[in-house]
Amino acid sequence: MRNILIVEDDIMLNHGICFNLQADGFNVIPAYNLKEGENIFNSNNIDLIILDINLPDGNGFEFCKKIRENSNVGILFLTACDMESDIINGFKIGADDYITKPFSIDILMQRVEALIRRCSNKEKYEDTLVEGEFEFNFEKMLVTKNKVNIVLSPIEYKILKKLVKSKSQIVTRQALIDSIWDNDKEYIEEHALTVNINRLRSKIEDKSSNHKYIKTVYKMGYMWVGEKNEK
């Protein structure tokens with residue numbers, strides 16, 4: 001049974017979401033502030049966090065950034081912060097999805113199901129793939145660079161896997177969206193792919209080097225070039 005942590009200070013809303021998720025067969029753990037949410041996360045095997053931004057004891061963005069330092073657990077923001085800058089910031093710091101209030105409970109249920117599916121539906125690889133200074137084990141969702149582990153979100157893993165498996169081939173933006181967001185792509189914000197690509201680049205590429213492992217092909221898509229000296 002999948003464990004979902006809900007960090008939401010509106011008691012009635014928290015209870016309502018819990019009720020619907022439990023009816024769908026999930027084990028749901030409610031929290032009403034960040035301190036409580038952090039304690040629950042640290043003491044339980046959590047598969048997905050539904051997270052508000054404005055909470056009594058702090059900001060959900062900061063909690064998300066803290067989690068992303070050492071965990072790739074699914075994170076879905078559910079918040080009244082509906083400015084485009086807030087949505088972009090949410091994706092940049094590690095969110096896998098972002099829903100603004102007011103919202104449809106049916107759409108929330110579908111997006112939770114889709115996110116759980118994306119986080120758990122990993123292809124099997126018998127051996128570790130070595131690519132220059134990188135080692136990829138997509139079965140275990142592990143990526144290392146020069147033997148140092150790189151923490152990626154589930155969406156970042158899927159993007160990287162698609163690009164690495166198609167090395168030196170152009171992968172169109174639509175092909176990435178179709179393969180990564182699957183059946184729920186109609187719910188995805190237009191800029192979500194770009195934000196996730198940029199976030200992935202910031203984690204795997206050296207700021208001091210001009211070399212780009214992920215090459216942007218103008219008006220077409222992206223390409224994994226690996227160790228080639230392409231820019």
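Values below: all heavy atoms of this structure, side chains included; hydrogens, waters and symmetry mates excluded. Just so it is clear, the model here is predicted, and its values are computed rather than measured.
By the 4.5 Å heavy-atom criterion applied to side chains, Val112 and Ile50 are counted as neighbours. A heavy-atom distance below 4.5 Å is not found between the side chains of Asp47 and Leu5. Counting heavy atoms from C-beta outward, Phe103 and Leu78 have side chains that approach closer than 4.5 Å. The shortest distance between side-chain heavy atoms of Ile159 and Leu193 falls below 4.5 Å. Between Ile87 and His191 the shortest side-chain heavy-atom distance falls below 4.5 Å. A 4.5 Å side-chain heavy-atom check between Phe26 and Ile116 finds at least one atom pair inside the cut-off. Annotation: side chain of Asn39 is not in contact with side chain of Ser43 (no heavy-atom distance under 4.5 Å). In this structure, Met109 and Asp24 have side chains that are in contact, with non-hydrogen atoms separated by less than 4.5 Å.
Between Asn14 and Pro30, the shortest heavy-atom contact is OD1-CB, 3.3 Å. Taking every heavy atom of both residues into account, Leu176 and Val171 meet most closely at CG-CG1, 3.6 Å.
Of the possible donor and acceptor atoms, none in the side chain of Ser166 sits under 3.5 Å from a partner among the backbone N and O of Gln169. Within the 3.5 Å criterion, the main-chain N or O of Thr100 finds no donor-acceptor partner in the side chain of Asp82. Formation of a donor-acceptor pair under 3.5 Å by the Arg68 side chain with backbone atoms of Val73 is found in this model. A distance-only check finds a donor-acceptor pair linking the side chain of Asn196 to the backbone of Ala192 [under 3.5 Å].
Scored by the side chain to side chain donor-acceptor pair (under 3.5 Å) test, Lys203 finds Glu156 as partners (sequence neighbours excluded). With sequence neighbours left out, the side chain to side chain donor-acceptor pair (under 3.5 Å) criterion links Asn45 to no other residue. With sequence neighbours left out, Asn27 forms a side chain to side chain donor-acceptor pair (under 3.5 Å) with Asn3. For the ring pair (Phe, Tyr, Trp, His ring centres under 6.0 Å) test, no residue two or more places apart in sequence or in another chain qualifies with Phe41. Residues satisfying the salt bridge (Lys or Arg N to Asp or Glu O under 4.0 Å) criterion with Lys35, sequence neighbours excluded, are absent altogether. With sequence neighbours excluded, no residue forms a salt bridge (Lys or Arg N to Asp or Glu O under 4.0 Å) with Glu36. Residues satisfying the side-chain contact (heavy atoms from CB on, under 4.5 Å) test with Glu205, not counting sequence neighbours, are Arg201, Lys212, Tyr213, Ile214. For Val151, the side-chain contact (heavy atoms from CB on, under 4.5 Å) criterion is met by Asn149, not counting sequence neighbours. Every residue was checked against the side chain to side chain donor-acceptor pair (under 3.5 Å) condition with Lys92, not counting sequence neighbours, and none meets it.
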### Task
List the steps, then state whether side chain to side chain contact (heavy atoms under 4.5 Å, CB included) holds for Val225 with Ser168.
CA-CA 5 Å; Val225 297; Ser168 299; 5.9 Å; no

#### Entry: Verdict with supporting geometry, Leu163 and Met223, side chain to side chain contact (heavy atoms under 4.5 Å, CB included)
CA-CA 6 Å; Leu163 292 174; Met223 178 192 299; over 6 Å; no

### Task
Any chance you could lay out the side chain to side chain contact (heavy atoms under 4.5 Å, CB included) test for Leu34 and Leu55, step after step, and finish with the verdict?
CA-CA 7 Å; Leu34 291 177; Leu55 291 155; 3.3 Å; yes

### Task
Applying side chain to side chain contact (heavy atoms under 4.5 Å, CB included), run through Phe134 and Asn146 and close with a yes or a no.
CA-CA 6 Å; Phe134 291 95; Asn146 294 322; over 6 Å; no

### Query
Hey, mind stepping through Lys145 and Asp206 against salt bridge (Lys or Arg N to Asp or Glu O under 4.0 Å) and telling me if it holds?
CA-CA 11 Å; Lys145 182 179 181 182; Asp206 298 318; 3.1 Å; yes

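Atoms SG and CG, on Cys64 and Leu51 in that order, are 7.0 Å from each other to the nearest 0.5 Å. With rounding to the nearest 0.5 Å, the separation of CD1 in Ile40 from CG in Asn42 is 10.5 Å. Note that CG of Leu76 and CD1 of Ile99 are 4.5 Å apart. Values are rounded to the nearest 0.5 Å. Rounding to the nearest 0.5 angstrom, the gap separating the CG atom in Leu48 from the CZ atom in Arg111 is 12.0 Å. Ile155 contributes atom CD1, which lies 8.0 Å from atom CG of Asp97 (distance to the nearest 0.5 angstrom). One finds the NZ atom of Lys165 at 12.0 Å from the CG atom of Leu160 (value rounded to the nearest 0.5 Å).
Other residues sharing the hydrophobic cluster of Val148, ordered by chain and number and joined by side-chain separations under 4.5 Å: none, the residue standing alone. Hydrophobic side-chain contacts under 4.5 Å tie Tyr32 into a cluster, directly or through other members, with Ile11.
The pair Glu69-Lys66 does not meet the salt-bridge criterion, since no charged nitrogen lies less than 4.0 angstrom from a carboxylate oxygen. Under a 4.0 Å N-O distance rule, the pair Lys147/Glu133 does not qualify as a salt bridge. Ion pairing between Asp96 and Lys158 fails under the 4.0 Å rule for side-chain N and carboxylate O. Under the 4.0 Å criterion applied to side-chain N and carboxylate O atoms, Lys101 and Asp52 are assigned as salt-bridge partners.
Sorted by first and then second residue, the ring-ring contact (aromatic ring centres under 6.0 Å, His included) pairs involving residues 58-80 (not counting sequence neighbours) are Phe61-Phe77, Phe77-Tyr98.
Side-chain contact check for Asp106 and Gln110: no donor-acceptor pair (N or O, by modelled atom type) lies under 3.5 Å.
Taking hydrophobic clusters as Ile, Leu, Val, Met, Phe, Trp and Tyr residues chained together by side-chain heavy-atom distances below 4.5 Å, Tyr157 shares a cluster with Ile150.
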